[in-house]
Amino acid sequence: MFGLLLALILAITSTAQAADEQSALSNGGSQDSAEEMIDPFGRQTPRSTVQGFIKALAENNASLAANYLSLNSGENSVESVRQLKLALDTGGRLNPELQIDNTSSGNLADQLPPTLEKVGTITAPDQVIDIVLVRKVSEHGGQYWQISSETLQAIRDSNIAAKPSLIDKYTLKPLQDKMVGGYNLADIFAVFLLAIVCIAASYVFFAVLYFIIKAYYPKVRNKPLPIDIKFILPLALVMTSLILYEVMVFAGVSVTVREPVNRIKDIIGWFASTWLLLRVVDAIFSRAERQSYKKNQTERVSILSLLHKIIKTLLLILASIFIFGNLGFDLTTGIAALGVGGLALALGAQKMIENLVGSVVVVADQPVRVGDYCKFGDLEGTVVDIGIRSTRLRTLNRTIVTVPNGEFSSMSIENFASRDMYHFLHNIYIKRNVDATTLENFLKEMEEFLEEHEFTNSEWTQVRIAELRQDSMVIEFRAYIYASGADEFYDKQTQLLIEILKEIESYPIEHALATQRMIVESPDKDNATSMLQVGEDKG
């Protein structure tokens, strides 16, 4: 599975890169003109401009970072970069990456001029400054984005001054001014501690809230709280993903560390949200299944089980899309480019699609439900699960048989659980020495006995002569017995047979038993033949 996922990611990435290259070639008309159109600093889109600027700050390269600023002639580029970084560190909030437009034209629906793009805000002591990008055109006709001069001027006018942050006050001295991979070690350690504190505080908060609600909920609703304690951890992670960014801003974490952590935080937030939603879905469907059993609506269980699995699968797919989007994969381009591959995959997955359609047919048509005892093909068993791909049944030998739903839905299925009555059919053999009048009364009175018995009903009750043999008569007893299951039917059948035998004892009728005869020839002088009879004749 991991290898398949990795191959898919590489295919999507390579396809997207090929599409971008083809687009650049078509715009320029030749390889040389395409290279001229590509901005050397990667400022083609608002998102790439923000990413490039943060990367330049992390490398502590002021001259490179200045290329992302729209500076007027004569302005000190290094000082402008320093002031902007200070403003971002003390109160800057950049929009999440997925919310920053990644096209060269920018977001045309943001109620701003086409050449401007808002990507965040800076909270100054007396005002809130919008971080706005401006689109410009190079000498070769290529378009690129820079942080606008109006934003830089507003920062200069706000007189944002450096203040000791919580990290500066409480960070261990050995960690100060230490760099790891271009990031300040003190900031990394602070983010780690802040994340642990946020998770712990959120967990304690929700745990206390849970136990308070658990104590008072039964008193108000007269039933136990339907929420389990396992909801607390995913809730704590979701809360942490919501508050961690603001906590980092308040603690004074540098923007060069904050933005990469913000991406990781968003990924964890999506993961935790998916985890929480899966818990909620499990709780909802578990409750619905319990209610179905309680109300004797077992036909709903199979539908609920299938819907449960489909919803969980869709949630996982959506979560994967958002997580890979936060990791930087352009899934839209990749999925569009995989159209031909998707067709080939669909052709190769005919069996899987057939089984999926079969599961819908089994659930919708309901030839069987979970818990039903049925006969299918040459096997018999109890349905234990109807899944998306297959149906599982437990046989009389206590083994599990898995049948693909595409095959199972096309089988001739005999559902024993659906019958409302059980067929009682037995034969009794009597000797032929009974006279006709006695036999007639016997048949009539035994039929009345069956009709009036508490176990039978009037659907089809009959006592008749089924066959006249040379040595006996076959008397057939036929009726239907009400029973909720096979166990109850067999108990009632045994009791009814015993009562029938007791009734027969009151008539001058004999049971025809099996006969064994042994013929022995002895070579005496008269060549006599003797015969030994064992048991009784049937006639």
Just verifying a value: how many Å separate [X] [atom1] and [Y] [atom2], rounded to the nearest 0.5 Å?
X: Leu316; Y: Leu278; atom1: CG; atom2: CG; result: 5.5 Å
X: Trp460; Y: Glu451; atom1: CH2; atom2: CD; result: 13.5 Å
X: Ile400; Y: Arg392; atom1: CD1; atom2: CZ; result: 6.5 Å
X: Thr456; Y: Phe424; atom1: OG1; atom2: CZ; result: 9.5 Å
X: Met248; Y: Leu194; atom1: CE; atom2: CG; result: 8.0 Å
X: Ile428; Y: Leu501; atom1: CD1; atom2: CG; result: 5.5 Å

Is the backbone N or O of [Y] less than 3.5 Å from a side-chain atom of [X], with the two atoms forming a donor-acceptor pair by type?
X: Ser254; Y: Val257; value: no
X: Asp130; Y: Thr121; value: no
X: Gln462; Y: Phe477; value: no
X: Arg478; Y: His423; value: no
X: Asp101; Y: Thr103; value: yes
X: Trp145; Y: Ser104; value: yes
X: Arg93; Y: Tyr245; value: no
X: Asn457; Y: Tyr480; value: yes
X: Arg135; Y: Ser105; value: yes

Identify the heavy atoms of [X] and [Y] that sit nearest to each other, and give their distance.
X: Asp89; Y: Val255; answer: OD1-N, 2.7 Å
X: His308; Y: Asp282; answer: NE2-OD1, 2.6 Å
X: Gln44; Y: Ser48; answer: N-OG, 3.6 Å
X: Asn95; Y: Lys118; answer: ND2-O, 3.6 Å

- [ ] Please determine if Arg279 and Asp228 form a salt bridge, counting it only when a charged side-chain N lies under 4.0 Å from a carboxylate O.
- [x]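 Salt bridge between Arg279 and Asp228, a charged N being under 4.0 Å from a carboxylate O: no.
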TODO: Using a strict cut-off of less than 4.0 Å between a Lys/Arg side-chain nitrogen and an Asp/Glu carboxylate oxygen, indicate whether Glu97 and Arg263 qualify as a salt bridge.
DONE: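 Judged by the 4.0 Å cut-off on N to carboxylate O distance, Glu97 and Arg263 do form a salt bridge.
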Less than 4.5 Å apart, any side-chain heavy atom of [X] and any of [Y]?
X: Pro367; Y: Asn415; value: no
X: Ile199; Y: Leu237; value: yes
X: Pro96; Y: Asp266; value: yes
X: Leu88; Y: Thr256; value: no
X: Leu84; Y: Ile147; value: yes
X: Leu396; Y: Tyr373; value: yes

Task: Step-by-step side-chain contact (heavy atoms from CB on, under 4.5 Å) determination, Glu499 to Glu503 - done: CA-CA 6 Å; Glu499 294 182 14; Glu503 287 292 323; 5.7 Å; no
Open item on the list: Going by side chain to side chain contact (heavy atoms under 4.5 Å, CB included), name the residues that satisfy it together with Ile264, two or more places apart in sequence or in a different chain.
Closed with: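 Side chain to side chain contact (heavy atoms under 4.5 Å, CB included) check on Ile264 returns Ile268.
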- [ ] May I have the step-by-step check of side-chain contact (heavy atoms from CB on, under 4.5 Å) for Tyr217 and Lys223, ending in yes or no?
- [x] CA-CA 7 Å; Tyr217 187 85; Lys223 57 183 179 180; 3.8 Å; yes
- [ ] Output, in order, the C-alpha distance, side-chain angles, deciding distance and verdict of side chain to side chain donor-acceptor pair (under 3.5 Å) for Asn405 and Ser390.
- [x] CA-CA 5 Å; Asn405 285 328; Ser390 61; 5.9 Å; no
Task: Geometric cation-pi criterion, Lys492 with Phe489: 6.0 Å, 45° - done: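 The answer is no; the distance or angle limit is not met.
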TODO: Could you go through the side-chain contact (heavy atoms from CB on, under 4.5 Å) check for Leu133 and Leu116 one step at a time?
DONE: CA-CA 6 Å; Leu133 304 184; Leu116 300 179; over 6 Å; no
Task: Working for salt bridge (Lys or Arg N to Asp or Glu O under 4.0 Å), residues Asp385 and Lys309 - done: CA-CA 12 Å; Asp385 180 61; Lys309 294 173 182 176; 3.2 Å; yes
Task: Glu246 CD: over 12 foreign heavy atoms closer than 6.0 Å - done: yes
- [ ] Could you label the plane-to-plane angle of the Phe408 and Phe376 rings as parallel, tilted or perpendicular, counting under 30° as parallel and over 60° as perpendicular?
- [x]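 Taking Phe376 first and then Phe408, their aromatic rings stand perpendicular (interplane angle over 60°).
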Task: Polar side chain donor-acceptor pair, Thr399 to Asn397, under 3.5 angstrom - done: no
- [ ] Take Glu476 and His426 through the test side chain to side chain donor-acceptor pair (under 3.5 Å) and record every step on the way to the result.
- [x] CA-CA 6 Å; Glu476 181 183 275; His426 287 278; over 6 Å; no
TODO: Evaluate the side-chain contact (heavy atoms from CB on, under 4.5 Å) criterion for residues Ser241 and Ile267: first the C-alpha distance (whole Å), next the side-chain angles of each, then the deciding distance (0.1 Å), finally the verdict.
DONE: CA-CA 9 Å; Ser241 68; Ile267 294 173; over 6 Å; no
